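Data block below; observations after.
Quick note on labels: first sequence line is chain A, next is B, and so on, each numbered from 1. Since this is a predicted model, take the numbers as computed values, not measurements. Basis for what follows: all heavy atoms, side chains included, without hydrogens, waters or symmetry-related copies.
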Amino acid sequence: MNSPIRPVSIKDAKYLKDPQTNEVHAVQALINGDHCSVPMVLDNMDYAEIKRQVDAGELTIEDAD
Amino acid sequence: MSRARTFADLATASEAGSLASPNIVINGDMAVAQRGTSSTSTGYQTVDRLTLGVGQVSVTQSQQALTSGSPYEAGFNNFYRMANTSTSSNAGSYVQVTHSIEAQHIANSGWNFKSSSSFVTVSFWARSSLAGTYYVRINTDDGTTYYRIKAFALSADTWTKVTFTIEGNSNLTINDDNGVGLQVVIVPHYGTTFTGTNASTTAWFTLTSNEYFPDYAQNWGNTSSATFDVTGLQLEVGEVATPFKHESYGDNLARCQRYLFRIDAAGNNVTRFGTGQHYTTGAGEAYIAVPVTTRATPTLTQTGTAGDYAWYSGNSTLECTGVVAIASSASRYLPVVYAYCSGATLRAATVLMADSTTSAYLELDAFM
């Protein structure tokens, strides 16, 4: 961590299923107030932060519809 | 800068072998601001490749036009501004702006970062409304994080050219990959929670007791309406700061688009975002023609309102019934997005567009 605090607010996280494959592939969330869908790949920094917060018990992701 | 001084610098740079070295910093002239020109939020919001971090205070970040002064005379037309809108005397307050450089851009730059006789040089113009001694930091990200810092003095409201030459170190790790390699962090203010005597001003160091810098004598974070401006950020291989390597707006934008590509309907309420097909009668997918390969499979950001977007297929406009989202087939080569609708023709070609609103946009973000 190279900042004193990395200020990322993640709210309303929910898994998304791709309608073509019906498989969970992304996370929909409000990130710093923006409406985002985040692919579940670790070199995506948003997903890396989501995973860090989930692993730390700071974030819960709602199941996909 | 006098012509004689310029020639002297060029001669020195030539001897140091750095004349051919490009500026590894992207958008160092602060010309590209795809997201907008002013924001009260932190993070990536205005000038591309610069992210604002603040704690305990409120700061407005903006891209500003530069119309006079030394950096203007050196060819810069824009600068990045941090403006303090809510002060704090709290020891845990901080304000910083960070430029992150992709690791493979450092690993392939020609800098032998393991050698103490191989160098990179950072230079930039800075101006603060509050006179004092400030700090700039370089840090690695792979392996153990190492820090190298430099103090610079600013007179109030006066542009000053800052240069910082950094030697390699055998302890540094910088991978040849698409993660963060180096960060350049320019710091108007750190409270005493983050400062102290453990921060070395002469050598690379690892963090002890969260002390990134010596104590700041002045308190920008507790100064109402204080401003701090930056432009002309350059990092180059070699031990001499050469004149800024200006580039065209188009070349600069293309380098920025590896990390962010935004299509905005602000100027056209039926802007087309991408073409694709309806793989069911209840949804469509669109392929976004990104101008360059993005650093990673990107996050998709949109307005959050399904009705801001529509499919245009077979001479019919089908309003989206769900928000646009990134698809499982998306990659950094070809981002694919999808959105639900109803009444589409199976396998019909389609276009994703703004549904008669200038508010719509799609942002593909592969920042780091």
Side-chain angles (χ1 to χ4, degrees), chain A, chain B residues 41-45 51-55 92 94 96 98 100 137 139-141 145 147 177-180 183 185 190-191 193-194 207 210 212 279-280 282-283 285 295-305 322-332 335 337-338 340 363 365-368:
Chain A
M1 187 68 69
N2 292 323
S3 302
I5 303 165
R6 188 168 282 175
V8 177
S9 162
I10 301 176
K11 297 177 180 173
D12 302 336
K14 184 177 184 176
Y15 286 113
L16 286 177
K17 279 184 180 174
D18 189 302
Q20 281 200 83
T21 63
N22 205 36
E23 291 179 358
V24 170
H25 73 288
V27 177
Q28 173 183 291
L30 271 177
I31 301 179
N32 288 337
D34 292 328
H35 296 270
C36 300
S37 53
V38 181
M40 294 168 63
V41 293
L42 278 176
D43 61 356
N44 179 295
M45 295 292 184
D46 286 320
Y47 184 65
E49 177 63 15
I50 287 170
K51 189 171 184 310
R52 187 198 68 75
Q53 292 194 16
V54 169
D55 291 346
E58 300 166 3
L59 177 70
T60 302
I61 305 177
E62 187 182 339
D63 289 339
D65 292 330
Chain B
S41 299
T42 59
Y44 288 103
Q45 302 292 343
T51 180
L52 174 69
V54 304
Y94 69 92
Q96 64 179 28
T98 301
S100 294
R137 177 177 92 225
N139 58 255
T140 60
D141 193 70
T145 299
Y147 300 84
D177 64 18
N178 65 347
V180 175
Q183 291 180 310
V185 187
Y190 267 21
T193 298
F194 309 113
L207 208 56
N210 249 2
Y212 293 83
Y279 50 81
T280 76
E285 68 175 5
R295 185 194 64 83
T297 306
T299 294
L300 174 72
T301 303
Q302 34 75 34
T303 64
T305 301
V323 296
V324 183
I326 197 81
S328 61
S329 55
S331 72
R332 62 199 184 100
V337 303
Y338 70 90
Y340 291 101
E363 200 172 276
D365 202 330
F367 76 97
M368 56 173 192

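- If you measure heavy-atom distances from B:Thr303 to chain A, the contacts under 4.5 Å come from the backbone alone.
- Side-chain atoms of A:Asn32 and B:Thr42 include no donor-acceptor pair closer than 3.5 Å.
- Comparing B:Ser329, B:Gly304, B:Ser328 by how many heavy-atom pairs each has under 4.5 Å with chain A, the most go to B:Ser328.
- Neither the backbone nor the side chain of B:Glu363 comes within contact range of chain A, judged by heavy atoms closer than 4.5 Å.
- With a 4.5 Å cut-off on non-hydrogen atoms, A:Val38 touches chain B through its backbone and its side chain both.
- Residue B:Asp365 touches chain A through its backbone alone, counting heavy-atom pairs closer than 4.5 Å.
- Within 6.0 Å of CG in A:Asp55 there are more than 12 heavy atoms belonging to other residues, nucleotides or ligands.
- In terms of heavy-atom proximity, A:Asp43 sits nearest to B:Arg295 at O-NH2, 2.7 Å.
- Atoms NE2 and CG, from A:His35 and B:Leu300 in turn, are 12.0 Å apart once rounded to the nearest 0.5 Å.
- Counted within 6.0 Å of NZ on A:Lys14, heavy atoms from surrounding residues, nucleotides or ligands total more than 12; the atom is thus considered enclosed.
- B:Thr297 contributes atom OG1, which lies 11.0 Å from atom CG of A:Leu42 (distance to the nearest 0.5 angstrom).
- Contacts of B:Ser41 with chain A are absent, with no heavy-atom separation under 4.5 Å from either backbone or side chain.
- Of the listed residues A:Ala48, A:Ala26, A:Ser37, A:Pro39, the one with more heavy-atom pairs under 4.5 angstrom with chain B than any other is A:Ser37.
- For the residue pair A:Asp34/B:Thr301, the side-chain donor-acceptor check at 3.5 Å is not satisfied.
- Of the atoms belonging to B:Ala327, heavy atoms from both backbone and side chain fall under 4.5 Å from chain A.
- Both the backbone and the side chain of B:Phe367 come within contact range of chain A, with heavy atoms under 4.5 Å apart.
- The two residues A:Met45 and B:Val180 come nearest to each other via the heavy atoms CE-CG2, 4.0 Å.
- B:Val337 does not touch chain A: none of its heavy atoms, backbone or side chain, sits under 4.5 Å away.
- Of all heavy-atom pairs between A:Lys17 and B:Tyr338, the closest is O-OH, 3.5 Å.
- Interface remark: A:Gln28 contributes side-chain atoms only to the contact with chain B (heavy atom separation under 4.5 Å).
- In terms of heavy atoms, A:Asn44 sits closest to B:Ala296 at N-CB, 4.2 Å.
- For B:Ala330, no part lies under 4.5 angstrom from a heavy atom of chain A.
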